[in-house]
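Data first, discussion second: the structure below is written as structure tokens.
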Amino acid sequence: MNLSAFSVTNFRSINGTNRISLGDFAVLLGKNNEGKSNILKALAVSMRILTEHGEESSRPLRRNRQEERYVWKRDFPISLQGRKRELTSKFRLEFSLTDSEVDEFKSSIKSNLNGILPIEITVGKENEPSIKVLKKGPGGAALSKKSTRIAQYIAERLDFNYIPAVRTAEEAEAVVQEMLSRQLATLERQEAYKNALQVIAELQQPILDRVGTSITKSLKEFLPGINSAHVIVSATARRLALRSQCRVEIDDGTRTLLEHKGDGVKSLAALGLLRHKQRAAGAASVIAIEEPESHLHPGAIHSLREVILNLVSENQVILTTHCPLFADREKVSRNILIDANSATPAKSIADVRELLGVRASDNLVNASFVLVVEGADDALALRALLSHLSPKIASALKKSLMVIEPIGGASKLSYKLSMLANALCNTHVVLDNDETGRESYEAAERDYLLKIADLTFINCKGMKNAEMEDCFDLSIYKDQVQTEYGVNLSVSAFKGNNKWSDRVKECFRAAGKPWGDRVKSKVKLTVAEAVAAAPGDALNQHKRQPIDALVQAIEEKLEKSANRSIP
């Protein structure tokens with residue numbers, strides 16, 4: 001079972017949303033005060049209502065947080081509270097069942113489903129929810145009468161966890177304590193634990209009886225009509241006490257209680273507990289996280305993103321954020337854009353950038369490592385080559401931990417490095433080993449913007465000057481150049497030890513074709529596209545050394561970055 005869709009009407013700042021489809025990972029993106037947090041809170045509130053509606057379930061309920069309870073005065077839109085009708089909040093939850101779960105539902109609830117279980121929750125001024133199943137036809141009313149059993153069925157198969165954006169140390173500590181409590185609650189189904197609780201109860205009872213007798217004697221002196229007083233510790237209270245008094249200590253050089261750490265560390269601890277928590281057999285898990293970047297140092301956000309992505313493999317994750325780093329670049333539709341209290345799936349990364357007001361260059365600050373290259377053609381070719389040559393680099397590129405940033409020519413190197421330094425980005429630079437590249441390096445080095453350790457020159461054996469294209473095998477791109485420009489590169493003019501662009505220029509001139517910066521840029525892009533299409537065969541085996549050296553340098557830096565502790 002999973003939560004496949006959700007919508008809400010009349011909740012806080014939300015007058016109404018369209019049906020929001022949810023997959024294994026959904027990112028609710030938007031600027032501040034656009035309603036994304038209230039949508040997630042509405043989901044938490046509705047799931048809390050549904051769980052409590054089926055409270056006869058044998059599974060232990062979580063400790064209640066006020067934020068997860070519906071309070072009409074607080075949660076119904078204030079601007080609408082003066083009207084005379086339609087004074088209810090509505091939440092619609094849609095659950096998807098597997099074929100086996102459909103059969104289980106039929107056996108348990110005695111009703112048929114087509115694989116979709118739609119639930120509507122309505123709450124008014126009295127704060128008393130009404131729950132019905134939105135099934136078309138005569139069976140809908142009958143199903144709604146079984147709402148308690150259906151709520152139990154859902155609770156047994158779906159474990160919902162809500163992590164709010166912690167704003168105070170107390171709230172952060174409460175999140176961690178709740179996670180710990182839920183972990184310990186799994187013991188309460190074990191027979192040995194039940195027997196131990198019974199032993200504790202038997203040991204406690206004589207003391208409780210003596211205290212009760214003492215209270216009785218004292219009270220009878222003033223109130224003779226009193227027969228007796230009793231001190232009771234309920235079984236529920238005893239269980240809760242045993243799982244609510246634990247503490248977490250963190251050793252980061254000095255062993256300290258978690259409550260004395262920063263709120264960001266507490267949030268990460270809660271996520272870590274969720275990642276390794278035990279669930280009821282067969283139960284799916286939904287984790288709703290509000291603004292996970294809150295209170296975190298920018299350097300820690302990358303580690304947090306990795307933790308969340310690891311959760312997705314075994315959990316359904318829904319989060320709200322206004323941090324571009326959490327946008328899903330691989331599956332764009334996972335990004336739900338919240339704007340003017342509406343929610344729509346993104347169609348492109350450009351949609352995400354436009355909504356957040358992010359310039360493309362701003363995305364650089366979200367990467368822990370930036371590879372600076374001269375042109376867009378270099379970026380295209382290197383992305384394919386590096387991903388092919390190194391799984392570690394491929395993973396970093398996919399997760400946006402590494403970004404390849406073209407600067408539009410080596411002469412702009414110092415300006416770009418200055419911008420990246422101000423953004424606290426770690427960089428590595430790739431430059432053509434020609435006059436412009438060498439001069440650009442020297443200028444950046446003089447300005448203390450670039451160290452030798454952070455530079456890879458394209459040095460090719462036997463060549464005074466060399467550029468990126470000198471590392472590529474001619475067979476990969478010669479046919480495309482012949483087709484697009486009518487120039488044959490398999491001629492004597494292309495041979496020799498001059499750098500690639502000088503040799504290609506001679507071929508174009510020999511063929512009676514124009515040549516200049518614009519044409520050179522077009523040909524370089526043609527070559528880069530050919531390399532990107534076949535990276536496994538693209539390198540010249542005699543001139544690939546600079547690329548292999550670059551792979552090694554990047555892998556070492558990624559390893560160092562991964563080993564850094566979270567600030």
Side-chain angles (χ1 to χ4, degrees), residues 299 302 360-387 389-390 392-394 396-397 400-460 463-472 499-501 521 524-525 527-528 531-532 539 543-562 564:
H302 300 292
S361 59
D362 286 346
N363 290 321
L364 296 174
V365 300
N366 297 322
S368 59
F369 180 75
V370 180
L371 179 64
V372 179
V373 300
E374 293 191 25
D377 50 290
D378 295 332
L380 176 61
L382 280 177
R383 184 177 184 90
L385 279 170
L386 296 176
S387 296
L389 294 171
S390 169
K392 185 180 296 184
I393 296 176
L397 287 168
S400 298
L401 298 177
M402 172 180 166
V403 172
I404 302 178
E405 175 70 1
I407 59 177
S411 62
K412 301 177 182 178
L413 178 63
S414 290
Y415 171 72
K416 176 61 72 172
L417 290 178
S418 178
M419 289 181 58
L420 293 173
N422 291 334
L424 302 177
C425 289
N426 296 319
T427 59
H428 192 89
V429 178
V430 182
L431 292 174
D432 292 340
N433 187 17
D434 56 14
E435 185 176 354
T436 303
R438 291 188 290 267
E439 289 178 352
S440 297
Y441 158 67
E442 290 170 1
E445 195 270 340
R446 283 195 305 270
D447 294 335
Y448 300 100
L449 293 169
L450 180 60
K451 298 182 294 185
I452 292 177
D454 299 326
L455 170 69
T456 297
F457 265 134
I458 300 298
N459 295 318
C460 292
M463 300 178 67
K464 179 181 178 180
N465 297 307
E467 54 193 327
M468 185 73 67
E469 289 76 11
D470 284 306
C471 300
F472 305 151
K499 69 175 184 178
W500 180 87
S501 57
S521 295
K524 279 178 171 279
L525 182 59
V527 173
V531 170
L539 291 177
K543 297 181 179 180
R544 61 178 289 165
Q545 184 273 335
I547 305 300
D548 292 332
L550 178 62
V551 169
Q552 182 178 350
I554 294 173
E555 286 187 336
E556 289 175 355
K557 292 191 174 185
L558 289 174
E559 185 70 26
K560 289 179 182 178
S561 178
R564 289 194 189 100

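The first residue of the sequence shown is numbered 1, and numbering continues consecutively from there. What you are looking at is a predicted structure, and each value in this text was computed from that prediction instead of being measured.
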Nearest-0.5 Å distance that lies between atom [atom1] in [X] and atom [atom2] in [Y]:
X    : Y    : atom1 : atom2 : answer
T427 : L455 : OG1   : CG    : 10.0 Å
L550 : I458 : CG    : CD1   : 7.0 Å
L449 : S440 : CG    : OG    : 12.0 Å
L413 : L431 : CG    : CG    : 5.5 Å
I547 : T456 : CD1   : OG1   : 9.0 Å

Contacts of type salt bridge (charged side-chain N to carboxylate O under 4.0 Å, His left out), residue [X], not counting sequence neighbours:
X    : answer
K543 : none
K451 : none
E469 : K524

Inset, instruction - Find out whether F369 and V403 are in side-chain contact, i.e. whether some heavy atom of one side chain is under 4.5 Å from a heavy atom of the other. - result: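 They are not in contact (no side-chain heavy atoms under 4.5 Å apart), so the answer is no.
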- Message: Do S387 and L397 make a side-chain contact, defined as non-hydrogen atoms from C-beta onward lying under 4.5 Å apart?
- Response: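 When only atoms from C-beta onward are counted, L397 and S387 do touch, with a gap below 4.5 Å.
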Practice prompt. Just do the side-chain contact (heavy atoms from CB on, under 4.5 Å) check on D454 and V429 with the steps written out, would you?
Written response: CA-CA 6 Å; D454 299 326; V429 178; 5.8 Å; no
Whether E374 side chain and D432 backbone form a donor-acceptor pair below 3.5 Å: yes
